[in-house]
There are 2 protein chains.
Amino acid sequence: MTDHFPSPIAIRNLILPTPRGYETTDLTMAQGRIMALGKHIPTAATWIDGTGKLGLPGLVNAHTHSPEMWYRGLIPPLPLELWLNILYQLPPLTPEQVYLSALWTAAETLLSGGTTVVDHLILTPGQELETIAAAVRAYRETGIRAFVGPLVQDRPFKEGVPGGTGVSAPGEVMDTKAVLALLQAAVDQFHCPAEGIYIMVAPTGFQQVSDALFEGCCALSERHQLRRHTHLLETKAQSLLAQEKYGGSAVAHLNELGFLGAQTSLAHGVWLQEDDWSILARTQSTVVHNPLSNLRLGSGIAPILAYRQAGVNVAIGCDGACSNDGQDLLEAVKLGALLHNTTTFEYRHWLTPYNAIDMAALGGAKGLAMADQLGTLAVGKQADLVLYDLNQASLLPHTDPLGLLVRGRPSQVVHSAWVSGRQVIAQGQLTTIDLTTLHQALRDQAPALIRPVATVEPALEAQYRAVMGL
Amino acid sequence: MTDHFPSPIAIRNLILPTPRGYETTDLTMAQGRIMALGKHIPTAATWIDGTGKLGLPGLVNAHTHSPEMWYRGLIPPLPLELWLNILYQLPPLTPEQVYLSALWTAAETLLSGGTTVVDHLILTPGQELETIAAAVRAYRETGIRAFVGPLVQDRPFKEGVPGGTGVSAPGEVMDTKAVLALLQAAVDQFHCPAEGIYIMVAPTGFQQVSDALFEGCCALSERHQLRRHTHLLETKAQSLLAQEKYGGSAVAHLNELGFLGAQTSLAHGVWLQEDDWSILARTQSTVVHNPLSNLRLGSGIAPILAYRQAGVNVAIGCDGACSNDGQDLLEAVKLGALLHNTTTFEYRHWLTPYNAIDMAALGGAKGLAMADQLGTLAVGKQADLVLYDLNQASLLPHTDPLGLLVRGRPSQVVHSAWVSGRQVIAQGQLTTIDLTTLHQALRDQAPALIRPVATVEPALEAQYRAVMGL
């Protein structure tokens, strides 16, 4: 990704937030990196006028499932375990459809301030490598930095609900060895950090993953320096399952398996116990907060103010579009900032807009063990830069620009964006792909996919209600 | 408002939601009302193609403060009592500025599906009637149906915090008689239901309002059939104040004063006791839920699922843009729908998208004693109709259109809107005012207003912290 702009680009009079206010400065990028901040601009640079533009580091959409774009809006209000039962009954996607929904996920992420996406990629059964290939192709085309974690498991869905008598989704389980072979093949074919494409190990979550698969993922991660990702304690039912399965904390168990660490990000973390916090802090693991999804599925409010105080790094994700039901990263940042004000009257702990952006940018970078490369605008770091147009209607008036960006309802505010110095948005438009063509393809393909939504299988619902005391 | 379209307009092939799905039908408007639904279209009608459009009744933005648009994004994360202290230190607006922010509030409400706004209007001291005149002028120009409730009080700010030793805002208090004379003058000059402009009695809230003012408002309301509006138990501090002031429930006290009833809407209602619910249900009073504001100010999560089960009508508001920090009604509807999933595991009580729209439309209409005129698309009701373009990118794919509209991130989706049969949006653009001119005026005027934000007065903060045990 470093060869797109051999000559330096400088942005003049850019407004940058500081912990205590704003400064107006110039920024130079070259060879994919930030070369200078301040007024030390090389004379040979291409100039861009940054007047009236707020500059922020690219944010990280730290947890999503791109194929869910096809079904967003569809699933009724249900808790995760029952919602999943419906999701699994929807028609699987072709690789071409996976390609389109990955393009779309990248587009919505970029246009809402993200430059990196973590795609916990749902695989089409029997076409697993083709699914990964399709998503990778889309991410390469859009120019977004992508961490693709094939969503794998080696235990059936029915084991994922306490009681274990639930129903299974069809064709859902590969054996442990086959899963690891698939991941090895994915790494061999697609893992290419120099070009911004990273394969992660991403077993779905302890509820459907054996110890052997976690351990195999750790080995693969060590062999190839892969980031690690998994769902963790999203729901109360999962916390009950952890008791049933491990006789205690799922966090302690994952730690014993060696899965935690500075390269590990854990989606949700709504139902952790206080003892778990110190394990996460000590191992430098990251919790990815998905506030909209947690509301949509009624999972609860993750105590992220407490996590931050305990020294646990927190990132922000949209989660898949079936539980959001969009992919607007600024909306997730807004909710991630505001939701927690209801959890304590001590307003001095509430997140400021600056904290919220820091969480979505540097917090996201830390969760990918990339804090030395991403997450702030600093000389030597990758040039992942987003300019917001402060003259767009939704950012008027010019009060506290960051305050309004984070807490308002920004719409069409991203003016320009660069990923590793490659410009992917200019004048509010994606430069890498044609959105009109994409939208037309989405319209053409959708009717074949959308059917009347399935209902929850009665045996599962009965089991769930019994477990939850409903 | 009924003379704008003397000849019937018919919309063909409109998609309308039903409690169990969707139907495609035609709709005819004439003389400001819905004349027909179905295929019984008068031959003389002007035809509009509704193909690919979802039709909903106009929503009600049931609580806002339009002047706050000028300062949105500005105030740091603080609870209401301290946030107000900063708001009151910001420069007061000129009537011209009030006019612009009312235009802007109307525009954002209309473009996010609202056709009615309840403006609990902050008055510029010494220019109270001019403030009201300016807002009324703006609402007339935009064509939105407006309920303007001059925000009045006869007790100082310092009495609004338990302990009563807080600091006062300058020039804040008029005596009771003067307040009532002002309201009478506002009614005489501006109250004109036939033209869609309604003056309400809207004392700010019991924390700064004497019994005499509540009673005077009731008398005025009865004399002129005015709707009633007030803030009610938004924060825990207010619930403590009610104990201090009344020795018990503020709801019971308002009921004894005769303020509650089918024409009364109460903003927030976060801290009601269970005994209060039956009073509200019995008196047919409405709680206006402002989910974003309640998060922003850390007020809490109003238990609206419980209210609905207790038979209390609930409406949806944006609240002022300093505590939101926008004015997008669909965003408030989304949060009003999702937030409550975290308050009970009984997912069968969670709000569906249909429930959420019903709350924002019919719930809003009920709160204004207008359920016979507004809130559903029914023959004989006012033609307050909004068409959403299902081919806009943010509403793709066509899964469950209402599900995606309510739970997604709709952007620029309002294609057309009518208020009492007068078209106010066509092809996604306001027909009544020029937004470009408005935005330019906002840009021009803002710099004179925006200054470094004030800080909370230390004496008030100390008092607040003591009261809250912080």
Side-chain angles (χ1 to χ4, degrees), chain A residues 70-79 82 236 292 294-301 321 324-328 331 335 338-339 341-342 344-347 350-352 391 393-394 396-401 403-405 407-409 411-412 435 439 442-443 445-447 449-450 453 468-470, chain B residues 70-79 82 236 292 294-301 321 324-328 331 335 338-339 341-342 344-347 350-352 391 393-394 396-401 403-405 407-409 411-412 435 439 442-443 445-447 449-450 453 468-470:
Chain A
W70 288 103
Y71 302 113
R72 66 183 184 179
L74 187 63
I75 304 181
L78 288 170
L82 307 186
K236 186 178 176 195
L292 284 155
N294 295 163
L295 294 179
R296 159 63 141 116
L297 302 175
S299 305
I301 298 178
N324 182 298
D325 289 344
Q327 212 58 204
D328 187 309
E331 186 187 26
L335 266 292
L338 297 187
L339 189 55
N341 296 1
T342 62
T344 173
F345 290 115
E346 183 44 276
Y347 53 91
W350 295 355
L351 298 175
T352 64
N391 284 310
S394 61
L396 293 176
H398 301 156
T399 53
D400 173 2
L404 191 49
L405 182 71
R407 295 182 298 210
R409 176 75 162 177
S411 175
Q412 302 183 295
L435 268 189
H439 291 152
L442 298 174
R443 277 189 209 97
Q445 300 250 359
L449 282 171
I450 311 307
V453 70
M468 296 296 290
L470 296 172
Chain B
W70 288 102
Y71 302 114
R72 65 182 183 180
L74 188 63
I75 303 181
L78 289 170
L82 307 186
K236 186 178 175 194
L292 285 155
N294 295 162
L295 294 180
R296 159 65 141 114
L297 302 176
S299 305
I301 298 178
N324 182 298
D325 288 339
Q327 212 59 203
D328 187 309
E331 186 187 25
L335 266 293
L338 297 187
L339 189 55
N341 296 0
T342 63
T344 174
F345 290 116
E346 182 45 276
Y347 54 92
W350 294 355
L351 298 175
T352 64
N391 284 309
S394 61
L396 293 176
H398 301 157
T399 53
D400 173 2
L404 191 49
L405 181 72
R407 294 183 298 211
R409 175 77 161 176
S411 175
Q412 302 183 295
L435 267 189
H439 292 153
L442 299 173
R443 276 189 210 98
Q445 300 249 0
L449 283 172
I450 310 305
V453 70
M468 296 296 290
L470 296 172

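Throughout, a chain's letter reflects where its sequence line sits, starting with A, and its residues are numbered from 1. Computed from a predicted model, the values in this text were never measured in an experiment.
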Quiz item: For the candidates A:Pro76, A:Gly403, A:Gly298, A:Gly469, which exhibits the highest count of non-hydrogen atom pairs separated by less than 4.5 Å from chain B?
Solution: A:Gly298
Quiz item: Non-hydrogen atoms of chain A under 4.5 Å away: do they reach the side chain of B:Phe345, the backbone, both or neither?
Solution: both
Quiz item: Between B:Gly408 and A:Glu331, which heavy-atom pair has the shortest distance, and what is it?
Solution: O-OE2, 4.2 Å
Quiz item: What part of A:Asp328 lies closer than 4.5 angstrom to a heavy atom of chain B: side chain, backbone, both or neither?
Solution: side chain
Quiz prompt | Part of B:Gln327 within contact of chain A (heavy atom distance under 4.5 Å) | solution = neither
Self-check item: Between CG on residue A:Leu335 and CG on residue B:Leu339, distance to nearest 0.5 Å
Solution: 8.5 Å
Exercise. Counting only heavy atoms closer than 4.5 Å, note whether A:Gln445 contacts chain B via side chain, backbone, both or neither.
Key: neither
Quiz item: Is it the backbone or the side chain of B:Leu82 that comes under 4.5 Å from a heavy atom of chain A, or both, or neither?
Solution: side chain
Self-check item: Within-4.5 Å side-chain heavy-atom neighbours: A:Ile301 and B:Ile301
Solution: yes
Practice problem: Examine distances only and state if a side-chain atom of A:Arg72 and a backbone atom of B:Pro397 form a donor-acceptor pair shorter than 3.5 Å. | Solution: no
Quiz item: Got A:Thr399 and B:Ile75 here, is their nearest side-chain heavy-atom distance under 4.5 Å?
Solution: no
Quiz prompt | Pairwise distance CZ(A:Arg296) to CG(B:Leu338) - rounded to 0.5 angstrom | solution = 7.5 Å
Quiz prompt | Per-residue contact mode, B:Asn294 against chain A (heavy atom under 4.5 angstrom) | solution = backbone
Quiz item: Quick one: does B:Trp350's side chain get under 4.5 Å of A:Pro79's, heavy atoms only?
Solution: yes
Quiz item: Can you tell me how far the OG1 atom of B:Thr342 sits from the CG atom of A:Leu297, to the nearest 0.5 Å?
Solution: 12.0 Å
Practice problem: Look at B:Gly326, B:Ala321, B:Ser394 and state which one has the largest set of heavy-atom pairs under 4.5 Å with chain A. | Solution: B:Ser394
Self-check item: Heavy-atom pairs under 4.5 Å with chain B, option from A:Asn324, A:Leu435, A:Leu404, A:Thr344 with the top count
Solution: A:Leu404
Practice problem: Kindly compute the distance separating NE2 (A:His398) from CZ (B:Arg443), expressed to the nearest 0.5 Å. | Solution: 7.0 Å
Self-check item: Region of B:His439 in contact with chain A, defined by heavy-atom distances below 4.5 Å
Solution: both
Practice problem: Go through the atoms of A:Leu351 and report whether side chain, backbone, both or neither lie under 4.5 Å from a heavy atom of chain B. | Solution: backbone
Exercise. Just give me the residue among B:Leu405, B:Asp400, B:Thr352, B:Leu292 that pairs up with chain A most often, heavy atom to heavy atom, under 4.5 Å.
Key: B:Asp400
Practice problem: Walk me through it: do B:Leu295 and A:Asn341 pass the test side chain to side chain contact (heavy atoms under 4.5 Å, CB included)? | Solution: CA-CA 6 Å; B:Leu295 294 180; A:Asn341 296 1; 5.8 Å; no
Exercise. Answer yes or no: is there a side-chain heavy-atom contact under 4.5 Å between B:Pro77 and A:Arg407?
Key: yes
